[in-house]
Peer 1: 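One structure is given below, represented as structure tokens, and several questions about it will come after.
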Amino acid sequence: MNVVTNNKWIGQRTIRPDGVDKVTGRAAFAADTNMPGMIWGKVLRSPHPHARIKSIDTSKAEALPGVKAVVTARDIVDFPVDKSVMLGIQDMRWMCRNVMAREKALFPGHPIAAVAATSEAIAAKACELIEVDYEVLPWAIEIDDAIKPDAPILHESLKFEGKPSNIAGRLEVKKGDVAEGFKQAEVVVERTFTTRPVHQGYIEPHACLVSVAADNKTTIWSSSQGQFMVRAMTAYLTGFPQSDIRAIPAEIGGGFGGKTIVYLEPLATLLAKKSGRPVKMVMTREEVMRATGPTSGSKSTVKIGAKKDGTIVAAQGTFYLQAGALPGSPIRGAVGCSFSPYDIPHVLSVGFDVLSNRSKVAAYRAPGAPIGAYAVECVLDELAEALKMDPLELRLKNAAKQGTKAAHGPVFPRIGYIETLEAAKAHPHYTAPLGKLQGRGVASGFWFNAGGESSAQVNITEDGNVVVTTGHPDIGGSRAAIANICAELLGIDYRRVSVLIGDTATVGFSNLTGGSRVLFASAMVVTQSTDKIIATLKERAAKIWEIDPEAVKWENGAAHPASPNAGEFPPLTLAELAAKAPAMGGPIGAGVQLNTEGAEGGFGTHICDVEVDTELGIVRVIRYTAVQDVGRAVHPSYVEGQMQGGVAQGIGWALNEEYIYRKDGKVDNPGFLDYRMPVCSDLPMLDTVMVEVPNPKHPQGVKGVGEVPLVPVMAAVANAVHNALGKRFYALPMSPPKVLEELEG
Amino acid sequence: MAKLHVSTTINGEPMEFLCEHSDTMLDALRGPLGLTGSKEGCASGDCGACSITIDDRLICSCLMLAAEAEGHEIRTIEGMAHGEKLHPLQQKFLEMAALQCGICTSGMLVASDALLRKNPRPSEEEVRFWLAGNLCRCTGYDKIVRAVLETAAEMQEQGLKEFCQ
């Protein structure tokens with residue numbers, strides 16, 4: 001392991017800047033802000049999975065005392081279906097139809113109208129008074145039903161192979177000649193897997209408060225994974241210019257990808273505009289479950305061929321991912337990440353974006369990659385069994401390394417995948433004895449990671465302390481890591497650095513918190529800003545000492561002569577130079593805005609032990625070790641936290657979580673009681689091993705760490721269940737009824 | 001129907017508020033009382049983000065009617081620290097990074113405090129089952145459980161009675 005040891009703050013478990021607010025209840029999340037004169041917004045939602053909207057009559061609702069405004073799709077900017085208008089990875093022609101149904105209601109829970117009234121109760125009552133004439137249409141929920149020849153078509157304008165189809169897109173990644181490759185194979189395993197849609201499960205429901213002045217100057221308080229995304233999407237959907245909208249990021253109560261798009265903000269903006277009153281909207285948990293994005297359900301077929309010595313010669317994957325009712329499933333993650341941990345000469349990976357009458361999917365931690373990895377890593381387990389090889393040995397023999405051309409295109413620089421395999425193999429967990437009905441599984445995973453736009457402003461206060469403002473909502477401790485980096489560079493105590501998240505009017509454009517990009521990108525702009533400040537501080541010290549700036553060094557929070565040749569002067573501290581600032585050229589501060597590049601992919605290898613209760617069908621995870629190449633753990637506690645949180649979500653996905661549909665096409669379990677996420681008593685301690693192979697393209701060696709830990713989990717659990725029972729499951733979740741069925745069948 | 005007038009004690013202070021008959025205690029806390037530290041994650045008693053105590057009994061405030069607070073003693077996250085001095089659980093959560101987004105943290109702390117008052121040296125299993133009603137989606141619970149166990153050990157060693165009254 002290549003660990004930098006001479007740092008004072010990078011790598012330390014410092015107290016996070018926003019910590020005290022969060023342990024005392026002071027932190028303001030999306031639903032915690034109120035305004036004088038504020039009224040409440042509510043959404044009327046479709047009861048039908050698929051229905052043409054023939055007419056909407058809002059007159060009775062508008063006549064109800066206390067109702068101040070009603071909006072429908074007519075008030076939202078229409079983006080015609082035949083022309084794509086992209087904002088990042090989101091297409092506004094689908095986004096405008098997701099925030100409010102236009103021609104048709106496409107899933108139960110699809111917004112039909114929104115009302116603002118003087119109380120929540122009046123707003124809810126008004127929603128009941130809206131008369132909607134629906135022509136109910138046949139619907140399709142599952143992939144097989146949506147792609148069969150006579151399936152009801154959600155969007156007539158979308159065609160696949162020349163005909164209207166629910167297949168909204170196809171993506172292919174190809175390397176070598178897969179047919180030729182399989183001819184060389186001596187052992188081939190091919191299996192088909194299914195997974196169910198699972199929700200990100202953030203505990204904070206979507207919420208916002210919007211105020212619109214008479215001149216259209218708009219302020220939005222909401223929690224999201226990007227205040228600039230909120231500004232841009234709201235501008236597109238309302239027709240307001242972006243310069244009129246100030247989006248203020250509230251503390252965010254979990255997102256995991258699910259808060260990378262808007263649901264309420266455009267509706268609240270239009271209601272506030274119409275009513276002339278600030279409008280607050282808060283989703284119920286049921287609305288979150290019915291109408292916000294889970295990740296895709298899937299059907300995947302993976303075929304892998306190897307020589308008898310374990311050399312993999314060819315791999316093929318076909319991944320059908322559910323988009324929900326509007327196009328945009330994460331096929332790129334499934335197609336592009338699944339085979340990337342391996343050096344395979346012949347690969348063909350194809351994905352299909354499949355529409356059905358479910359809520360539109362949203363990003364979820366390494367979008368698409370866990371679905372692909374589940375299939376690939378389970379097939380590798382069977383391949384290892386067929387070859388009588390240790391599953392980690394099979395992976396080591398085929399592992400991607402520096403110079404490997406990944407299936408999805410790039411040639412890997414120095415990466416740490418092999419290190420994760422070796423660390424897993426050497427871990428005492430891997431050889432610990434197992435009891436009766438216990439089993440052990442391993443799996444690996446890869447995520448691209450991301451760079452992109454980031455802005456920061458670093459200012460020195462008059463008393464010589466530091467305020468850093470960045471533009472990315474802090475979803476899991478990024479402010480703590482930024483404080484460590486800035487303190488390290490300036491050579492001061494980290495408690496002298498405040499780190500704030502700016503709003504869209506106070507900091508430069510910064511892309512979403514997502515894709516495991518935040519610390520990678522913000523550390524770059526904060527480092528460059530701080531370097532500029534240090535250059536200024538050195539210039540000013542040089543001026544005072546009347547020497548050349550080159551002859552000044554910055555160390556331990558003060559300017560020093562670089563060498564005895566430069567002269568002998570007592571050090572000038574940051575506080576002393578800050579006090580002299582007015583006389584020496586003015587305030588000290590610097591901002592940097594970049595489109596960051598050089599984010600390198602991340603790899604993880606996990607070991608999972610399970611015990612199966614064959615009477616009740618319950619699979620319990622009894623031990624778990626996650627090993628990951630984390631680049632550089634700037635704040636190790638929050639890196640471990642990302643790994644542990646990803647593992648817990650994966651265990652839920654593997655063992656319990658799923659949307660259960662009724663015969664009428666509605667979700668039957670839209671709450672935390674029946675949509676069963678892991679609770680504290682379901683899990684063991686989640687051990688982590690951070691392998692540090694620094695990213696050579698980053699000033700601190702940072703790699704994204706948030707997405708990778710979800711990628712291997714489902715396969716690790718499934719392989720452990722096989723090891724315990726001698727039976728393989730090809731469908732998730734492996735919940736008690738399904739385990740019992742398998743055991744009894 | 002006219003609003004109800006309720007007199008109660010919140011975090012040791014006598015308080016009065018008006019509420020609708022159907023308002024929950026969580027509605028009252030977050031609304032007229034302005035105590036937004038208790039969070040609404042589900043409104044059905046499944047997530048624990050609104051955990052408070054009434055007469056030292058841990059409950060989900062979304063499952064209690066506001067009117068039921070009459071004459072009782074309510075404690076919320078806002079009453080946990082003594083002025084500037086954080087409760088040992090709050091301090092340990094910070095030191096051990098037992099929070100990520102922080103939305104479940106208020107409820108986790110109130111529930112953990114209620115546990116330690118009842119059972120000052122819980123086992124890991126006891127902590128896990130006691131906190132099974134408090135959902136956290138960020139941490140995987142590992143650091144939360146460790147922070148509670150370590151606080152219990154330290155509080156017993158140091159005899160931090162001021163927080164156990």
Side-chain angles (χ1 to χ4, degrees), chain A residues 13 15-16 18-29 31-34 121 200-205 251-256 282 284-286 474-477 480 635 637-638 640-649 651 671-673 677-688, chain B residues 20 22 30-31 34-49 76-78 80-81 86-87 89-91 93-110 124-125 127-146:
Chain A
R13 297 171 191 264
I15 303 286
R16 57 195 284 167
D18 54 318
V20 171
D21 275 358
K22 286 183 175 164
V23 298
T24 54
R26 285 166 45 97
F29 290 83
D32 295 342
T33 301
N34 296 311
Q200 296 82 352
Y202 32 83
I203 309 297
E204 180 200 38
E251 291 297 333
I252 173 171
F256 314 106
V282 183
T284 63
R285 176 56 49 185
E286 184 174 336
D474 174 358
I475 207 157
H635 193 303
S637 298
Y638 292 108
E640 292 164 355
Q642 288 296 314
M643 293 166 69
Q644 291 163 336
V647 168
Q649 288 184 313
I651 290 171
F672 282 145
L673 189 62
M677 308 197 311
V679 302
C680 197
S681 53
D682 291 335
L683 297 176
M685 292 298 187
L686 302 170
D687 294 331
T688 56
Chain B
E20 303 286 348
S22 59
R30 293 183 54 83
L35 297 171
T36 55
S38 303
K39 306 300 179 190
E40 182 169 305
C42 67
S44 56
D46 298 317
C47 79
T76 71
I77 183 66
E78 287 88 352
M80 200 164 173
L86 295 180
H87 185 284
L89 276 165
Q90 292 172 312
Q91 187 60 36
F93 268 52
L94 288 180
E95 287 167 9
M96 296 183 70
L99 62 149
Q100 279 177 37
C101 79
I103 197 81
C104 75
T105 307
S106 299
M108 281 288 179
L109 284 165
V110 169
E124 180 191 332
E125 195 178 16
V127 173
R128 286 189 179 277
F129 276 85
W130 183 270
L131 293 180
N134 290 78
L135 288 177
C136 170
R137 192 61 157 173
C138 294
T139 64
Y141 306 103
D142 182 297
K143 292 185 192 301
I144 293 172
V145 173
R146 289 179 199 273

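Here is how names work: the chains are called A, B, and so on, in the same order as the sequence lines, proteins then strands, and each is numbered from 1. Just the heavy atoms: all of them, side chains too, but no hydrogens, waters or symmetry mates, feed the values below.
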Peer 1: Between A:R285 (side chain) and B:A43 (backbone), is there a donor-acceptor pair under 3.5 Å?
Peer 2: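 Checking the backbone N and O of B:A43 against the side chain of A:R285, no donor-acceptor pair under 3.5 Å is found.
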Peer 1: Heavy-atom cut-off 4.5 Å, strictly under: side chain, backbone, both or neither for B:S44 against chain A?
Peer 2: neither
Peer 1: Between B:D142, B:T36, B:V145, which has the largest tally of heavy atom pairs under 4.5 Å with chain A?
Peer 2: B:D142
Peer 1: Hey, does A:K22 have a side-chain heavy atom less than 4.5 Å from the side chain of B:Q100?
Peer 2: no
Peer 1: What part of A:A31 gets within 4.5 angstrom of chain B, counting heavy atoms only: side chain, backbone, both, or neither?
Peer 2: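 Both parts, backbone and side chain.
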Peer 1: Select one option (side chain, backbone, both, neither) describing which atoms of A:L673 are under 4.5 Å from chain B's heavy atoms.
Peer 2: both
Peer 1: Would you say that B:I103 contacts A:E251 through its side chain, given a criterion of any heavy-atom pair below 4.5 Å between the two side chains?
Peer 2: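 A side-chain contact under 4.5 Å is absent here.
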Peer 1: Among B:Q91, B:R146, B:E125, which residue forms the greatest number of heavy-atom pairs with chain A at distances under 4.5 Å?
Peer 2: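 Counting heavy-atom pairs under 4.5 Å, the top option is B:R146.
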Peer 1: CD/A:Q642 to SG/B:C138 distance, rounded to the nearest 0.5 angstrom?
Peer 2: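 One finds 8.0 Å between CD of A:Q642 and SG of B:C138.
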Peer 1: Could you have a look at B:V127, B:D46, B:L131, B:L109 and say which one has the most heavy-atom pairs with chain A under 4.5 angstrom?
Peer 2: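 It is B:D46.
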Peer 1: To the closest 0.5 Å, what do you measure between CD (B:E40) and CZ (A:F29)?
Peer 2: 14.5 Å
Peer 1: I'd like to verify something: which residue of B:T105, B:L135, B:I144 has the highest number of heavy-atom pairs under 4.5 Å with chain A?
Peer 2: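 Top count of heavy-atom pairs under 4.5 Å with chain A: B:L135.
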Peer 1: For A:I252, which atoms come within 4.5 Å of any heavy atom of chain B: side chain, backbone, both, or neither?
Peer 2: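 Backbone only.
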Peer 1: Between A:R13 and B:E95, is there a side-chain heavy-atom distance shorter than 4.5 Å?
Peer 2: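 The answer is no; the side chains never approach within 4.5 Å.
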Peer 1: For the CH2 atom of B:W130 and the SG atom of A:C680, what is their distance to the nearest 0.5 Å?
Peer 2: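 The SG atom of A:C680 is 13.0 Å from CH2 of B:W130, to the nearest 0.5 Å.
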Peer 1: Under a 4.5 Å cutoff for heavy-atom pairs, which residue among A:G671, A:A121, A:P684 has the most contacts with chain B?
Peer 2: A:P684
Peer 1: Given 3.5 Å as the limit, does a donor-acceptor pair link the side chain of B:Y141 with the main chain of A:A648, or not?
Peer 2: no
Peer 1: So, for A:F672 and B:C42, which heavy atoms are closest and what is the spacing to 0.1 Å?
Peer 2: CD1-CB, 3.9 Å
Peer 1: Identify which part of A:V282 has an atom lying under 4.5 Å from any heavy atom of chain B, answering side chain, backbone, both or neither.
Peer 2: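 For A:V282, neither part sits under 4.5 Å from chain B.
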Peer 1: In Å, rounded to the nearest 0.5 Å, how long is the span from CG of B:L99 to OH of A:Y638?
Peer 2: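 With rounding to 0.5 Å, CG (B:L99) is 5.0 Å from OH (A:Y638).
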Peer 1: So does A:M677 get a backbone contact from the side chain of B:R137, meaning a donor-acceptor N/O pair under 3.5 Å?
Peer 2: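 The answer is no, because no donor-acceptor pair under 3.5 Å joins these two groups.
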Peer 1: Which residue out of A:P205, A:A480, A:A27 racks up the most heavy-atom pairs below 4.5 Å with chain B?
Peer 2: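 Ranked by contacts with chain B, first place is A:P205.
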Peer 1: Report yes or no: does B:Q90 contribute a side-chain atom to a donor-acceptor pair with the main-chain N or O of A:V23 at less than 3.5 Å?
Peer 2: yes
Peer 1: Which pairs, with at least one residue in residues 97-108 of chain B and sequence neighbours excluded, count as a salt bridge (Lys or Arg N to Asp or Glu O under 4.0 Å)?
Peer 2: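 Those involving residues 97-108 of chain B do not exist here.
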Peer 1: Heavy-atom pairs under 4.5 Å with chain B: which of A:V647, A:D18, A:N34, A:V20 has the most?
Peer 2: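 With the most close heavy-atom pairs to chain B, the winner is A:V20.
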Peer 1: Counting heavy-atom pairs under 4.5 Å to chain A, which of B:A98, B:G102, B:G133, B:S22 comes out on top?
Peer 2: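 Highest number of heavy-atom pairs under 4.5 Å: B:G102.
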Peer 1: Is A:D32 close to B:R30 at the side-chain level, that is, under 4.5 Å between some pair of heavy atoms?
Peer 2: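 Yes, close enough: below the 4.5 Å cut-off.
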Peer 1: Examine whether an atom of A:T284 lies under 4.5 Å from a heavy atom of chain B, and if so say whether it belongs to the side chain, the backbone or both; otherwise answer neither.
Peer 2: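 For A:T284, neither part sits under 4.5 Å from chain B.
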Peer 1: Nearest 0.5 Å, what's the CD1-CG distance between A:I15 and B:L94?
Peer 2: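 Result: 5.0 Å between the selected atoms.
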